[in-house]
Amino acid sequence: MPSYEPKNIESKWQEVWEKEKIYQAKDFDQKPKFYTLIEFPYPSGAGLHVGHARSWSAMDAYSRKKRMQGYNVIFPIGWDAFGLPTENYAIKNKIHPSIATSKNIATFKKQIKKLGISFDWNREINTTDPKYYKWTQWIFLKLLENKLAFQKEVLVNWCPSCKTTLANEEVLANGAHERCGQLTEKRLQKQWLLRITKYAQRLLDDLNLVDYSPKIRIQQENWIGKKEGINITYDIDGISDKVIVFTTAPVNFGATFIVVAPEHELVKKIVDGKIDVLESNVREIKQYLEISKRKTEQERLDEKRKKTGVFTGLYAINHVTNGKIPIWVTDFVIASVGTGAVQGCPGHDIRDFQFAKEFNIPIVRVIKGEDSDESQIEKEDQVIEHGQKGCFINSGFLNGLEFDDGLQKTMDYFEKKGWGRRVVSYHLRDWIFSRQHYWGEPIPIIHCEKCGVIPVPEKDLPVELPYVEKYEPSGTGESPLASIKEWVSVKCPKCGESARRETDTMPNWAGSNWYFVRYLDPNNEKELSSLKKMKYWLPIDIYQGGFEHTTLHLLYSRFIYKFLYDIGVVPTPEPYAKRRSHGIVLGPDNRKMSKSFGNVVNPDEIVLKYGADTLRLYEMFMGPFDQAVSWNEDSLQGCFRFLTRTWRLFNENIKEAKTSDNLSRKLHQTIKKVAQDFEELKFNTIVSALMEFINDWGKSYLSKKDAESFIKILAPLAPHISEEIWTGVLKNEFSVHKETWPEYDKKLIIEDLITIMVQVNGKVRAQVEMKNEDGQVEAKAQDRAKKDPRIIKYLEGKEIKKTIFVPGKLVNFVIN
RNA sequence: GUCCGGGUGGUGAAAUUGGCAAACACGCUGGCUUCAGGAGCCAGUGCCGCAAGGCUUGGGAGUUCAACUCUCCCCCCGGACACCA
């Protein structure tokens, strides 16, 4: 018998599988379709990570099992290749990003192929390929056409030292630029935005149409963050302007001031002199705006949320008290949240309380808590916020009402009086879609002095990225593309006069929004994907990816897909019928794998030492799929030993005879468990079930037919050794991966001896073993138990008050 | 601060979803076989105890005949968001 040498068999079979094209999905096949999607990787310079190998091994096993069960499986792969890391790497190493990208892709491909993953390479896509991003740009034009893309001045991160705008990802938690360490500032700049908020309610409602694990669903719901409240319009004393506040908890008898964001319209009017207030007020406001703009994130954090602000000189009229309440400007109010203005109720909101304390504004208590002390109103821990229990006081017609009831009554009252209108507000914001970088899809827009913003005509797509030597940030806050004169200057498609191209590019998300429909028709030059093919393949049956993408990418791609559905381009309301997420692989030291910690494990080395099958098994065995797990090479040994033992048993323990009843039962139980665990993505227990079977087989022998059943259930997990055993040892026809998944025999899994445990008052005191016969078990088990000396000891002299019998499991005597 | 996970032997973990806690694997101990190679086989391995037996799933309470599993309070670890009105 030759010994198990993975390196002798793995590359051999990888070549055969590729040559025989056994993993190619067939459009419109008669078999039921099954679409397995994994998040396509970012081809970074670091190469393949054992984390990639973990989820792909598992989903590969899953796809292989589905094929064996008779499905026409599509399991594609591609490259999400635009983005900052490549651009930074390119700048540093003076390699063009496109060259770095293709180099990285080549490395990834080589590494992936060594793992024996059954990807359909025929459908490979690359987001940086102009033939691909032509359609990313096309989607943008459609969004524009439907008024879902628009330009707006928004606050962006700005690094004063590098003179460049930064993506949020480039700003560290302390506000420093991750590359140069300088503290960043906020700056107003015109950006492209996508109106995802228009889809907020549908994105929320349609979670009912899909099967996402509860954790993912909650994350989506929280991110959309639906809140029901009321917009209240305040009159301002002496002028015709009004101010609208949004609140979910209108405790208006306690409203003693109003605060507006620095960017609020009212503030702008005062600064512009359109509203008359004292000169000193205007001066203070201008000063405040200047200071808060300059403030870095770091400074804001250092202040520990100390409230700052200035009085505008204006007063609003509180509807229910008729009192004049001052209007202040403060930067703790965010312009884009609600209406950018808040009514201050310092008795019942910590931030309002802090603000009132800081500026000596009266604090009025209108909710009495369960055991609150009204004389302690000046203390922060006495603030009773919405969500706590309490009832209304000092509130006229509301007095005595429970917190929530009073709020509802207030809203009814305000609506009736015409002072306010109930509104729904979402945490979800419109999506900033502009990036000032080179390595992204150019936004297909032309700016003409005469005609304004003109979309690039569809026939001129794609707007290709110019190939240039320099792609460093421009220093003006514009994208590096702005400095490429020949590219920027262009004729206006409408009037023919000279105009300039939009120089912003799209974010990394743009290409990954819709990639899964391109797999279905990767070479289509007329449309992003053929509707007929999409109708056959969509929706995606299972989408598997990391937890880090369960909010943004998932939400963004659902939004874009829904939009495409609305314009009739894709066939279903939701793209992913089912979504599950997996945990990351940590280093042996329990920390995130990273070069700087020196704890990175390279899958290539593991393949070289133990073979791909061992790596794959271990990745699945190491822990629950949805949990983070730490790498441990010692544990890997166990998987290698398992395969070695399997190899030996197939060479030595097969006989031309019937398998023993016990082992046959174990086999069928194993088939059942493996199939079940596959559907629940419990890969770790699949591996342990197979190990258990091998341990039993070692004590006995299998018939050839039963051995074949076992290799079939091992095949999805360890494809190489299984193929070698199937064709080489068992001398069957190529390929085990085209075989049919075995069914277990219901009759064979029934145990003929069962063990009933006997409890007294819920504690196990004995067990009785008996034949598994119909009907008689309960009575017999009780009978036997009562005669058992270990039980008699406990029952002596006691009265049995109750006997509980769980069929096939236990008898419990309850005594006093 | 808010939301979401998680806490079980020396270690990674399992537990049919309320029914024998610790399957499987690593490690360790002893033995066999070989001999210094990350090889193979057998036995043992939660804790205390010579034993009978007792104790044990972060801590505390509760529901139940029965709790790792359900309820409430608290502690610790990880992640996401963060002055969201």
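Everything numeric here is computed off the predicted structure, so don't read it as measured data. In what follows, chains are A, B, ... by sequence order, proteins preceding strands, each numbered from 1. Both backbone and side-chain heavy atoms feed into the values below; hydrogens, waters and symmetry mates do not.
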Which letters describe nucleotides 26-45 of chain B, given B = protein heavy atom under 4.0 Å from base, S = only from sugar-phosphate, - = neither?
SS----------B-SS----
[X] side chain, from C-beta outward: closest of [options]:
X	options	answer
V629(A)	A25(B), C84(B), A13(B)	A13(B)
K215(A)	G5(B), A23(B), A85(B)	G5(B)
N812(A)	A85(B), C65(B), C4(B)	C65(B)

Ring-face cation of K389(A) near F403(A) (centre distance under 6.0 Å, axis angle within 45°)
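Not flagged: K389(A) not positioned over aromatic ring of F403(A).
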Establish, yes or no, whether a centroid distance under 6.0 Å links the rings of [X] and [Y].
X	Y	value
W223(A)	Y426(A)	no
F547(A)	H582(A)	no
F355(A)	F257(A)	yes

So, E415(A) and R421(A), do they make that salt bridge, N to O below 4.0 Å?
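R421(A) and E415(A): not salt-bridged.
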Going by modelled atom types, is there a donor-acceptor pair between the base of [N] and the side chain of [X] at under 3.5 Å?
X	N	result
Q759(A)	G19(B)	yes
K809(A)	C20(B)	no
R765(A)	C20(B)	no

Who does G27(B) pair with, Watson-Crick or G-U, both distances under 3.5 Å?
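Check on G27(B): paired to U45(B), both distances under 3.5 Å.
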Any-strand Watson-Crick or G-U partner of U2(B), both distances under 3.5 Å:
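Partner of U2(B): A80(B).
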Just wondering, do K666(A) and Q669(A) contact through their side chains at under 4.5 Å, heavy atoms?
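Yes. Closest side-chain heavy atoms under 4.5 Å.
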How do E692(A) and V764(A) order along RNA chain B: which one's closest nucleotide is nearer the 5' end?
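Checking each residue's closest nucleotide, the 5'-ward one belongs to V764(A).
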Using a cut-off of strictly less than 4.0 Å, decide whether [X] has a side-chain nitrogen or oxygen near OP1 or OP2 of [N].
X	N	answer
R591(A)	G78(B)	no
K801(A)	C65(B)	no
K763(A)	G53(B)	no

Backbone N or O of L586(A) within a donor-acceptor pair of the S630(A) side chain at under 3.5 Å?
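No, S630(A) side chain to L586(A) backbone: no donor-acceptor pair under 3.5 Å.
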May I have the distance from D589(A) (atom CG) to U11(B) (atom P), rounded to whole angstrom?
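Atom-to-atom, D589(A) to U11(B), this comes out as 17 Å.
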